[in-house]
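Accompanying notes for the structure given below.
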Amino acid sequence: IPYPVKLYVYDLSKGLARRLSPIMLGKQLEGIWHTSIVVHKDEFFFGSGGISSCPPGGTLLGPPDSVVDVGSTEVTEELFLEYLSSLGESLFRSEAYNLFEHNCNTFTNEVAQFLTGRKIPSYITDLPSEILSTPFGQALRPLLDSIQIQPPGGSPVGRPNGQS
Amino acid sequence: AFPRARILPTLPNRGGYGGPSASLGLTVCSRCSIKFKEEISRRFKAQQDQLVLIFAGKILKDGDTLNQHGIKDGLTVHLVIKTPQKAPDPAATTASSPSTPDPASAPSTTPASPAAPAQPSTSGSATSDAGSGSRRSSGGGPSPGAGEGPPSATASILSGFGGLLGLGSLGLGSANFMELQQQMQRQLMSNPEMLSQIMENPLVQDMMSNPDLMRHMIMANPQMQQLMERNPEISHMLNNPELMRQTMELARNPAMMQEMMRNQDRALSNLESIPGGYNALRRMYTDIQEPMFSAAREQFGNNPFSSLAGNSDSSSSQPLRTENREPLPNPWSPSPPTSQAPGSGGEGTGGSGTSQVHPTVSNPFGINAASLGSGVFNSPEMQALLQQISENPQLMQNVISAPYMRSMMQTLAQNPDFAAQVRGAGAGSVTPEAHPSLPAGWVRRCWRRPTGHLLCAARPLQVQTTPEVRFQQQLEQLNSMGFINREANLQALIATGGDVNAAIERLLGSQLS
């Protein structure tokens, strides 16, 4: 019985990017995207605090701005949590977070491929390079590099045997 | 002969045991996934029954063939090595310490599990993912990614646009904003330099040198709008670009402001000595200033003019003087005001919906973010400003280097709703509703805010007529008062935009000088 896998997409700017990006960046961006994977009735995302989970739509961001159907998976919940724990201790530790190179969408992309073999839509993963290719993005890069995003409301993902 | 398929699951280096990345090139029989598992079991040194192979979301069972799943050369097969259910390895526990903020446990240099090299499979808890590559073993250690790690610097990407907002911070009622404001207030209190820094910030100066923009911003502040409704003189004053420009100059230059105040004091004391001058002053006070004071007081809590009233007899509301900040509340109260108070400051700490009215240091420009979304960003001046910013990276550097930027952005990040509020306070439709009557020639515009509040601003309607016609009534008034020099009267009226009392001042002032 395959389990459905969904991608929750949030616009961190709540519409401001769509309005201001033509002026500030010179190109139209529809949003500043934060994504998470929803599977087995839980939402999983990566932030500066590491991999976290919460009930779907349970972060401070509220309900997602859009939901993308990624596909379905046979991976069981137990197996998935094991996988996430291992990721969280290797590739997606909290210190590994970087706004441009290794962010929530990197994580979601990885997990989506693990679960279903498919990637997340490219407009999400292309966002950092879109921004960095503008003079504005370049000018702000030193500042932006230090930015860390961690939507409040999740709890850390740990190992299945006994830990959170 | 069997058809052969070559599988190359890639294992990028994640610091797992074994060191450099192992690209597992397996030439396996295309039919036999069981053999695949044997191969993997050997390479990864894990038991076969621990191995779970996943491809395209499907779990490869032992009996399945690789062909059946469509696994071809170059594709990625994911591998998970299951944790056997037994007690966590104590060595492996310390292994996961790098990912927790626990200072007591020995940190490990490799990001993955240090216990791994010693005991790959016997540690019993190795999980790896061939596709995404991490291979290491760890026990049932504490969960990775400390949730309680201090989220110190969190911010959103909208830093550039945030710089504009940072100009005075934003009086929204959300909890995070209160913290921000208090923070800013503390900063400004403890560091009086900060205000001059803010003023010196080229971005601020640019903004302030654009009178249209400033007026727009001021008018967008709901408290200002209410104030203006009660006292049309204020809005008239704002509409006089000459005046605004002078005010901006003044705000930028505190020394000049003091100078102006002194001049005004002198002029006023001179005025007193003319016959009838005292009465004029008195009238001026009671007719204009008092209602304005009380209106402002209502709006802003304490008596904002207490110090001003102490300084000068009638901190006058004459628009022709550039003491514009007088009708506007003192942004620095409850603390004793300084002459650094920016001339154009209204203030509002509450959003449009809240009734918080304490003027705070942190909002010297009275920029209400809720109104920013609609009023400011829609204005062509703002567009031009943004354009300017994007073309001039140096400007952006200046914005970033402003001392309050970090805390502002922190708050921005913590509460994404703030961004929504900024955007969302759009102006409603213009609804003509019943209102107290306006003087002839004034129009009123009303907005209904999302919170349900109705905000109105009144302004004089600009009619395309000659000044003589426009000010006909005022000219007659002046005439009847004894000002017989029609030319001078007209000039004065033009300068003051039709304000009779101000014109009188002007005329008297020119006579005295």
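Every chain is numbered from 1, with letters handed out A, B, ... down the list of sequences.
Of the atoms belonging to A:Ser52, not a single heavy atom falls under 4.5 Å from chain B. Using a 4.5 Å cut-off between heavy atoms, B:Ile54 touches chain A through its side chain atoms alone.
Of all heavy-atom pairs spanning A:Glu43 and A:Pro55, the tightest one is OE1-O, 3.6 Å.
Annotation: maximal heavy-atom pairing with chain B below 4.5 Å, among A:Glu74, A:Gln113, A:Arg118, occurs at A:Glu74. Counting heavy-atom pairs closer than 4.5 Å to chain B, the top residue among A:Thr76, A:Thr134, A:Thr73 is A:Thr73.
Checking side-chain atoms of A:Ser133 against main-chain N and O of A:Glu130 turns up a donor-acceptor pair under 3.5 Å.
Looking at A:Asn105 and A:Thr35, their side chains do bring a donor and an acceptor atom within 3.5 Å of each other.
The environment of A:Lys119 atom NZ is sparse: at most 12 non-hydrogen atoms of other residues, nucleotides or ligands sit within 6.0 angstrom.
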